[in-house]
Amino acid sequence: AMIIVAAIAASVLISTTTSLQNKALETGTATKDEVGTSLTVLQVFGEDGTNGVLENITVTTKLKAGSEPIRFGDLLVSLGLENVSEDYTYNDSLSNFTDAANNDADAFFVNYSIQGSNYQDGFLSTGDVAKIKFPAPREIGESESFNLDIVPKVGLKNSVETQTPTLILNEREPIFP
């Protein structure tokens with residue numbers, strides 16, 4: 001009888017240990033994804049600035065070191081200006097600002113400047129440098145507050161808070177850095 005009780009106790013102990021180990025692995029994986037998935041904003045430009053205002057935004061990005069690939073369809077891009085904000089989602093059928101402004105003004109499209117060795121269309125992967133492009137919700141003037149958030153479905157938000165240039169004269173004006 002004591003052997004049966006000891007066998008049952010050992011079975012319960014092994015089962016509990018296995019269950020705890022599996023939960024620890026799941027928690028570790030979720031934490032790695034949450035902390036280890038992020039992108040870096042390299043540059044932000046305003047475009048169509050020859051008339052003194054910016055009408056389109058281009059954000060140059062790459063993955064942070066050690067990050068897992070990010071699917072553009074899992075990103076939310078949010079632009080906040082002084083009196084308006086807009087959220088943008090990925091639309092892979094857009095290829096230029098005119099398409100975006102005329103067909104899907106709350107969408108962004110992507111052009112790859114560099115396709116890394118792990119390139120996969122619709123994803124930001126290791127080695128990729130991509131330009132996220134979208135129309136501004138309204139014309140953006142000189143010396144205006146500019147807040148940009150890029151939020152992946154899983155991972156860390158990337159924020160840029162800055163101001164537009166004090167003088168907008170060129171087709172392409174740097175906003176950040």
Side-chain angles (χ1 to χ4, degrees), residues 37-65 67-177:
T37 302
S38 187
L39 54 85
T40 298
V41 174
L42 301 173
Q43 297 174 320
V44 180
F45 286 93
E47 305 213 22
D48 293 339
T50 53
N51 60 353
V53 294
L54 303 171
E55 298 175 9
N56 300 307
I57 305 298
T58 298
V59 182
T60 306
T61 64
K62 71 175 192 170
L63 282 181
K64 284 192 175 179
S67 181
E68 296 294 318
I70 297 173
R71 192 171 80 91
F72 288 115
D74 290 341
L75 281 183
L76 175 68
V77 176
S78 182
L79 176 62
L81 302 172
E82 290 175 0
N83 62 355
V84 67
S85 65
E86 185 73 48
D87 292 334
Y88 300 88
T89 55
Y90 180 57
N91 184 335
D92 64 351
S93 67
L94 300 176
S95 61
N96 58 56
F97 288 121
T98 303
D99 283 350
N102 293 336
N103 299 316
D104 198 354
D106 60 350
F108 68 87
F109 61 98
V110 174
N111 296 119
Y112 291 90
S113 298
I114 298 173
Q115 293 178 353
S117 59
N118 296 323
Y119 167 78
Q120 186 177 2
D121 191 38
F123 286 78
L124 186 60
S125 300
T126 303
D128 292 344
V129 175
K131 292 183 178 180
I132 298 172
K133 299 183 172 208
F134 53 91
R138 63 162 174 76
E139 293 179 335
I140 304 172
E142 297 167 341
S143 300
E144 190 170 332
S145 293
F146 183 96
N147 298 313
L148 176 73
D149 291 323
I150 302 176
V151 185
K153 185 175 183 178
V154 174
L156 301 174
K157 172 177 87 168
N158 194 302
S159 296
V160 172
E161 294 184 24
T162 189
Q163 265 193 325
T164 58
T166 55
L167 193 57
I168 297 174
L169 298 173
N170 301 307
E171 171 67 22
R172 188 172 192 212
E173 290 283 351
I175 299 172
F176 174 83

Item to complete: Evaluate the side-chain proximity of Thr50 to Leu169: yes if any heavy-atom separation is below 4.5 Å, no if none is.
Response: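 No, their side chains stay 4.5 Å or more apart.
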Worksheet item: Can you tell if the side chain of Val77 reaches within under 4.5 Å of the side chain of Asp149, non-hydrogen atoms only?
Response: no
Item to complete: Carefully, step by step, assess Glu144 and Arg138 under the rule salt bridge (charged side-chain N to carboxylate O under 4.0 Å, His left out).
Response: CA-CA 12 Å; Glu144 190 170 332; Arg138 63 162 174 76; 2.2 Å; yes
Does [X] use its side chain to pair, donor to acceptor, with the backbone of [Y] at less than 3.5 Å?
| X | Y | answer |
| --- | --- | --- |
| Ser145 | Leu81 | no |
| Thr164 | Gly141 | yes |
| Asn96 | Asp99 | yes |
| Asn158 | Leu39 | yes |

Worksheet item: With respect to Phe109, which candidate in Phe72, Tyr88, Phe134, Phe97 satisfies the ring-ring contact (aromatic ring centres under 6.0 Å, His included) definition?
Response: Phe97
Heavy-atom closest pair, residues [X] and [Y]:
| X | Y | answer |
| --- | --- | --- |
| Pro137 | Val84 | CG-CG1, 4.0 Å |
| Ser125 | Pro69 | OG-CB, 3.9 Å |
| Leu124 | Ala130 | CD1-CB, 3.9 Å |
| Val53 | Ile168 | N-CG2, 4.1 Å |
| Ser143 | Gln163 | O-NE2, 3.2 Å |
| Ala100 | Pro135 | CB-CD, 3.7 Å |

Discussion item. What's the separation between atom CG in Asn56 and atom CZ in Arg172, rounded to the nearest 0.5 Å?
Written reply: 12.0 Å
Worksheet item: If we ignore angles and hydrogens, is there a donor and acceptor under 3.5 Å between the side chains of Thr58 and Glu47?
Response: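 Distance-only check passes for Thr58 and Glu47.
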Item to complete: Decide yes or no on side-chain contact (heavy atoms from CB on, under 4.5 Å) for Asp128 and Asn118, but give the supporting numbers first.
Response: CA-CA 8 Å; Asp128 292 344; Asn118 296 323; over 6 Å; no
